[in-house]
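If you're wondering where the values come from, they're calculated on a predicted model, not measured in any experiment.
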Amino acid sequence: MANVTYYDNIKPLFSQYDRVMMIGRFDLFNYQDVKQWANKLYLSLQPSGEPGGWSKLEGTHVMPKIPGPWPQEWVDIFKQWIDGGCLEGTPPFTVPAPPDANTLKLFISLSEVLTGFSDLGATPDQQELAGIYYNRLLTESDSGNTMPQMLNAWSTISTQANPEAEIATQIIGTFALSKDLIILWYNTTTNKKPATRPGVTPLDYSYYGTPDFNQFQEGLVWKATGSHPTAYAPENSPFYWRLQPEEDGKYSGQWIFTR
Amino acid sequence: MANQQYDAVIVGAGITGAMMAYKLVDAGYNVLVLDAGDHVPNVAPQHPVKQDNINKLFAAGIKDPSAPWPSSQYAPRPTSPGVSNDHTSIVGWKNNETADGNYMIQTGDSAFGSTYERMVGGTTKHWLGTCLRFLPDDFKVVSKYKLNTRADMAGAIDWPIAYSDIEPYYSQAEWEIGVSGDPAVDEAMGATHSKPYPMVPIPQSYLDQQLGGRVNGKQINGIALNVVSTAQGRNSKQYDNRPACMGNSSCVPICPINAKYDAQVHIEKAQKLSGQPGKGKLTVSWRSVAYQVTTAADDSINGVKYKTWAPGGVISAEQTATGRIYVIATHAIEAPKLLLNSPWKNGKTVANSSDLVGRNLMDHICLVVWGNFLTEDGKDLQNIYPFRGPLSTSGIEGFRNDPNQRSKTAAFRIEVGNDGWTWPTSAPQSDLVDLVKQNMWGTALRTQLARQVQSQIRFALEMETISCDQTKNSTVRLSNIKDAMGIPRPVVNYVLPQYTLDGYAYAMDVANQLFAAAGIESHTTVDKNGSGALTFTSGGKQITIEYRGAGHLIGTHRMGDQSTNSVVNKELQAWDHNNLYLVGCGVFPTTATSNPTLTAAALALSAADTIAARLKT
């Protein structure tokens with residue numbers, strides 16, 4: 001096979017179950033992670049020939065354990081990908097250009113104040129997500145182009161010692177976009193409407209954006225309620241739901257033990 | 001394929017068709033399975049397809065049971081009443097055959113609230129997985145409680161089989177599906193086990209435990225409230241090469257890791273057996289829409305006519321599948337649709353000398369009630385942390401066979417939900433939007449959201465229905481309007497009998513008492529414009545309710561002991577055609593209170609044995 005790439009040929013070989021089982025070490029849905037671990041993954045896919053189900057990677061069973069080893073042709077494709085230089089291919093989702101650094105910083109600090117989450121820009125991944133949300137609000141919610149004014153108002157208010165009253169009147173009470181911003185961070189939805197057709201009434205805030213990027217899984221609504229996104233519970237504490245969630249998120253369904 | 005004669009032709013690759021195919025191939029017979037819909041395989045080589053389905057769910061605005069699954073205009077399926085086909089919008093559900101989502105045209109005063117999938121695996125693709133056995137009394141409810149002496153229950157019949165007849169097949173079905181459960185729960189209600197469940201129960205949720213701490217041992221009208229674990233087709237350990245449940249909390253509509261059984265498991269098992277020494281051959285033909293069953297001069301069935309489709313819109317010429325035995329395994333809507341489209345003789349359609357094909361459509365209508373769990377002193381909300389774990393892990397089962405009540409009204413079971421108010425209100429996202437619309441923001445918003453969501457609890461009281469003269473006009477008929485394959489679309493006119501409605505009124509009283517006993521502040525509302533809104537009189541009082549569908553498509557070709565009052569006999573063989581078997585929940589003469597799939601599977605396994613014995617001769 002010519003030009004084996006991660007997005008076309010390799011990522012489809014992994015299931016959400018595979019991803020969740022390994023996510024404490026690396027993310028099989030992330031190109032950089034799989035590239036970095038490619039050689040070890042390749043060894044783990046092949047039986048050592050010794051009894052006991054061991055792979056060629058020392059101390060590791062043949063992967064995946066469930067539903068069982070890959071067919072040989074899959075292992076061969078993985079080998080071809082490594083031999084071809086671990087090409088990335090075209091991601092299904094193109095991250096839009098973020099705003100300038102100052103604007104992004106303002107957007108993140110406003111988002112933190114409005115959502116009640118104080119760490120929305122702590123990592124490069126989170127900053128990338130903030131840039132995506134900034135762009136989504138511009139294209140899906142802000143037909144009145146009020147984002148610059150809202151950030152401008154926030155820029156002035158944010159320097160004050162106790163800005164609560166000003167936020168309530170000059171942000172929440174003034175810019176409808178501020179509510180869309182909160183809903184986007186929590187529910188990952190906007191009020192963008194599908195194409196209208198006769199006899200059909202679109203719902204409020206039902207537009208989830210791009211599933212390929214799995215924005216649904218980033219919703220703050222789950223973190224705020226000690227739970228996890230529907231259909232995505234990477235926690236591997238057995239039967240976690242029988243226990244009360246803890247302060248650090250353990251037993252919420254998305255607490256990941258990092259090995 | 002068209003010219004080959006099979007031992008058995010099975011229409012429908014849902015749980016009953018798939019299990020029968022597996023059993024017959026195992027017994028050495030050659031089987032053709034036709035399925036109208038697409039094929040989304042479960043196991044390794046097709047992971048990307050499955051991930052597409054998960055992504056489709058993530059992106060869907062309205063996450064109804066059909067949200068992740070494919071739908072083609074050539075094998076259309078209904079969405080939940082009022083939901084557009086693309087899951088973004090609301091559409092009118094009544095008498096509205098042009099709106100998308102309304103493939104199943106509805107003409108009743110209130111909606112049939114349940115839906116189905118048309119694809120390999122059938123509706124087990126989106127089922128919850130609850131695997132309750134019927135209770136022994138359920139098979140003889142009509143005679144035991146003298147319901148046949150009531151004027152409003154004329155035409156009601158017992159099952160032609162007893163619990164002891166089906167018991168070995170319950171065990172077989174539980175081991176085929178992979179059920180996690182506690183036999184002691186069943187045996188306390190008289191449903192004895194000849195074999196234990198293959199797996200220990202799925203642990204009860206924290207929410208179940210808190211509720212049980214409040215109500216266990218208390219009584220309502222003499223019935224003990226005990227929050228007991230529910231038997232479910234979901235792995236509590238690695239089983240059948242599928243992993244243990246990890247609590248993705250999305251059993252309906254999709255288990256992302258295949259810890260929940262779906263019928264594709266048996267299609268794949270049968271494929272593996274196919275052609276092995278001593279085994280039969282399996283041919284599975286998906287995108288193959290059966291639309292007519294044909295008869296020979298001696299009234300035996302001599303073919304199933306079908307057409308195939310491809311995504312680009314290529315429809316094949318008419319083809320005919322022939323076999324010695326024919327099985328219709330397409331559930332309570334599509335089975336009558338197929339039969340009513342099949343002319344027989346004397347102006348009758350196939351299998352319909354009783355005129356009961358397409359009649360007695362039933363469901364377990366659900367009284368859904370919801371509220372916030374309160375602290376012991378009732379002064380504050382208490383967190384019980386929903387939205388974690390399988391959507392339901394427990395029930396309160398005492399009302400399923402209350403001897404003092406069942407002669408008067410329908411019985412019910414109480415399902416305890418782990419999914420907060422998702423079903424009735426689309427929580428937790430709707431809670432967030434409501435709070436933001438009230439100008440809340442920041443830590444106050446986050447704190448309030450956590451408070452009101454983490455104390456959410458929801459119950460579904462699932463009502464029994466018994467087919468009788470009052471349900472004869474609860475029908476599936478053919479429309480003059482045709483789908484893209486040129487096949488008439490189904491028209492559903494859903495009618496509920498008084499016995500069920502009286503049970504609903506009684507269940508409302510029980511729900512109020514349950515909330516008082518548990519310390520739950522009700523937030524239950526009734527939308528008088530909802531698809532399940534219905535006004536009726538019970539006990540001299542006029543009541544308006546809003547019921548919801550349980551997803552249980554039951555009736556329309558019921559079984560019985562006489563050809564005049566039923567469509568199939570106790571072996572699921574059509575009275576009118578000796579080589580035609582109709583399987584699935586459509587054969588149930590009463591719904592009982594159990595989710596129906598396990599019983600449908602057990603009956604199908606039994607029918608497979610019957611058919612295998614016949615094929616031998």
Fill in: Part of Leu114(A) within contact of chain B (heavy atom distance under 4.5 Å)
both

Worksheet item: Would Arg388(B) count as a cation-pi partner of Tyr251(A), with NZ or CZ less than 6.0 Å from the six-membered ring centre and within 45° of the ring normal?
Response: no

Discussion item. Could you tell me if His87(B) and Ser206(A) have a donor-acceptor pair between their side chains, going purely by distance under 3.5 Å?
Written reply: no

Discussion item. Quick one: does any side-chain atom of Asp180(A) pair with a main-chain N or O of Leu137(A) as donor and acceptor, under 3.5 Å?
Written reply: no

Worksheet entry | Proximity breakdown for Pro194(A) and chain B, heavy-atom pairs closer than 4.5 Å | side chain

Item to complete: Indicate yes or no for a side-chain donor-acceptor contact from Ser249(B) to the backbone of Gly247(B) under 3.5 Å, with no hydrogens or angles considered.
Response: yes

Item to complete: Sort out for me which of Leu57(B), Ile90(B), Thr443(B) touches chain A most, counting heavy-atom pairs under 4.5 Å.
Response: Ile90(B)

Worksheet item: Heavy-atom distance under 4.5 Å to chain A: side chain of Pro386(B), backbone, both or neither?
Response: backbone

Worksheet item: Among Val200(A), Ile171(A), Asp204(A), which has the most heavy-atom pairs under 4.5 Å with chain B?
Response: Val200(A)

Worksheet item: Between Asp142(A) and Thr146(A), does any side-chain donor sit less than 3.5 Å from a side-chain acceptor?
Response: yes

Worksheet item: Tell me, side chain or backbone of Ile202(B) under 4.5 Å from chain A's heavy atoms, or both, or neither?
Response: side chain

Fill in: Distance-only side-chain donor-acceptor flag, Lys260(B) / Asn235(B), under 3.5 Å
no

Practice prompt. Taking atom types as modelled, find out whether Asp208(B) and Thr393(B) have a side-chain donor-acceptor pair closer than 3.5 angstrom.
Written response: yes

Fill in: Under 4.5 Å from any heavy atom of chain A - which part of Thr422(B)
neither

Practice prompt. Side chain from CB out, backbone as N, CA, C, O: work out which of these in Ala60(B) comes under 4.5 Å of a heavy atom of chain A, or both, or neither.
Written response: backbone

Worksheet item: Lys223(A), Glu235(A), Arg197(A): which one forms the most heavy-atom pairs within less than 4.5 Å of chain B?
Response: Arg197(A)

Discussion item. If you count heavy-atom pairs within less than 4.5 Å of chain A, which of Leu432(B), Ile62(B), Asp86(B) leads?
Written reply: Leu432(B)

Discussion item. Please evaluate residues Asp431(B) and Arg451(B) with respect to the criterion salt bridge (charged side-chain N to carboxylate O under 4.0 Å, His left out), reporting the C-alpha separation (whole Å), side-chain torsions for both, the decisive distance (0.1 Å), and the verdict.
Written reply: CA-CA 11 Å; Asp431(B) 292 86; Arg451(B) 260 173 66 79; over 6 Å; no

Worksheet item: Is there a donor-acceptor pair closer than 3.5 Å between any side-chain N or O of Tyr6(A) and the backbone N or O of Lys11(A)?
Response: no

Worksheet item: Which bit of Pro64(A) is near chain B, if near means a heavy-atom gap under 4.5 Å: side chain, backbone, both or neither?
Response: neither

Worksheet item: Given the options Gln254(A), Glu164(A), Lys193(A), which has more heavy-atom pairs under 4.5 Å with chain B than any of the others?
Response: Glu164(A)

Item to complete: Tell me yes or no: between the side chains of Arg214(B) and Gln382(B), is some donor less than 3.5 Å from an acceptor?
Response: yes

Discussion item. Distance alone, cut at 3.5 Å: any donor-acceptor contact between the side chains of Ser111(A) and Trp185(A)?
Written reply: yes

Worksheet item: Can you say whether Tyr385(B) sits under 4.5 Å from chain A via the side chain, the backbone, both, or neither, judging by heavy atoms?
Response: side chain

Practice prompt. Go through the atoms of Val453(B) and report whether side chain, backbone, both or neither lie under 4.5 Å from a heavy atom of chain A.
Written response: side chain

Discussion item. Is the distance from the ring center of His523(B) to that of Trp421(B) below 6.0 Å?
Written reply: yes

Discussion item. Under 4.5 Å from any heavy atom of chain B, what part of Tyr240(A) do you find: side chain, backbone, both or neither?
Written reply: both

Item to complete: Scan Val34(A), Asp76(A), Asp8(A) and name whichever one has a side chain to side chain contact (heavy atoms under 4.5 Å, CB included) with Trp81(A).
Response: Val34(A)

Item to complete: Quick one: which of Gln204(B), Gln238(B), Arg242(B) has the most heavy-atom pairs under 4.5 Å with chain A, could you say?
Response: Gln238(B)

Discussion item. With no hydrogens and no angle check, just 3.5 Å: does a side-chain donor-acceptor pair link Asn187(A) and Thr189(A)?
Written reply: no

Item to complete: Measure distances from Thr115(A) to the heavy atoms of chain B and classify the residue's part below 4.5 Å as side chain, backbone, both or neither.
Response: backbone

Worksheet item: Measuring heavy-atom distances to chain A, does Lys63(B) have an atom under 4.5 Å in its side chain, in its backbone, in both, or in neither?
Response: side chain

Discussion item. Between Ser252(A) and chain B, with a heavy-atom cut-off of 4.5 Å, which part of the residue counts as in contact: side chain, backbone, both or neither?
Written reply: backbone

Fill in: Part of Asp240(B) lying under 4.5 Å from any heavy atom of chain A
neither

Discussion item. Between Ser250(B), Pro203(B), Ser84(B), who has the most heavy-atom pairs with chain A when the cutoff is under 4.5 Å?
Written reply: Pro203(B)

Discussion item. Shorter than 4.5 Å, heavy atoms on both sides: which option in Ala244(B), Cys251(B), Gly92(B), Ser236(B) has the most such pairs with chain A?
Written reply: Ser236(B)

Practice prompt. Give, as side chain, backbone, both or neither, the part of Tyr232(A) having an atom under 4.5 angstrom from any heavy atom of chain B.
Written response: both

